[in-house]
Amino acid sequence: MWLDPFTARLRFAPILAVALIVVLMLGGCGDDQDEQEVRQAARQLEAEKRKERFDALLKARAKELRRQRSGNPLPPVPAKFKGDLAVRYKADRWICSAVPPSEAAEGLKLDADSDLETIARAHSETWPEEYRQASYEGCLAGLEKAERDEEG
């Protein structure tokens with residue numbers, strides 16, 4: 001199951017924050033100063049996670065703007081994908097075009113030299129069955145675009 005680094009942070013940040021708070025609270029056993037330190041640590045952790053998410057969004061947006069200016073647009077959504085499937089296709093096409101294929105493979109715990117189809121298939125496995133084909137094809141289109149951008 002692959003999660004790109006940005007999505008992985010989004011999914012696991014709340015879990016890590018709660019675990020940190022519980023551990024710190026158990027260690028303090030109710031001392032007011034310890035509780036304040038726990039709260040401060042939790043606030044700091046959340047601030048760091050927000051900054052990471054914001055930085056990732058800025059990076060992806062900057063890349064998208066460069067792509068738009070380059071005259072090398074992403075391919076259109078195939079007509080067979082309608083509604084939610086078209087949205088899934090577009091989202092995964094955009095996500096997978098945001099990083100070089102080797103980075104996407106590493107994010108999925110695959111070899112960096114994995115072929116694009118393997119990377120796209122691993123990415124699509126993170127979605128429910130009804131979205132997998134749209135996710136796969138969208139990710140594959142995005143990876144192909146990222147590979148072209150990387151080469152030229």
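Given the structure is predicted, the values throughout are model-derived calculations rather than measurements.
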For residues Leu140 and Val87: do they belong to one hydrophobic cluster (side chain heavy atoms under 4.5 Å, members Ile, Leu, Val, Met, Phe, Trp, Tyr)?
no
Any Tyr89 side-chain heavy atom under 4.5 Å of Ser135 side chain:
no
Nearest heavy atoms of Glu130 and Leu85, plus distance in Å
O-CD2, 3.2 Å
Nearest heavy-atom pair of Ile119 and Ala104: which atoms, and what distance?
CG2-CB, 4.0 Å
Can you tell me how far apart CD (Glu46) and CD (Glu48) are? Round to the nearest 0.5 Å.
10.0 Å
Quick check with a 6.0 Å cut-off and a 45 degree axis cone: is Arg121 positioned over the face of Tyr136's six-membered ring?
yes
Heavy-atom closest contact (Ala120 atom, Cys139 atom, distance)
CA-SG, 3.9 Å
Among residues at least two apart in sequence or on other chains, which ones pass salt bridge (charged side-chain N to carboxylate O under 4.0 Å, His left out) with Lys80?
Glu137
Considering all heavy atoms of both residues, which atom of Val77 and which atom of Lys90 are nearest to each other, and what is their separation?
CG2-CG, 3.4 Å
Heavy atoms, side chains only, cut-off 4.5 Å: are Gln40 and Arg43 in contact?
yes
For Leu143, the option from Asp115, Val99, Asp92, Leu116 that meets side chain to side chain contact (heavy atoms under 4.5 Å, CB included)
Leu116
Closest contact, heavy atoms only, Pro76 versus Arg93:
C-NH1, 3.8 Å
When rounded to the nearest 0.5 Å, the distance separating CD of Glu103 from SG of Cys96 is 12.5 Å
Go through the steps for Glu147 and Glu144 under the test side chain to side chain contact (heavy atoms under 4.5 Å, CB included), then give the verdict.
CA-CA 5 Å; Glu147 189 173 62; Glu144 290 168 348; 5.5 Å; no
All heavy atoms of Pro101 vs all of Ala146, minimum pair found to be CD-CB, 4.2 Å
Rounding to 0.5 Å, atoms CD (Glu106) and OG (Ser114) come to a distance of 9.5 Å
Verify same cluster id: Phe81, Tyr131 (apolar side-chain graph, 4.5 Å):
yes
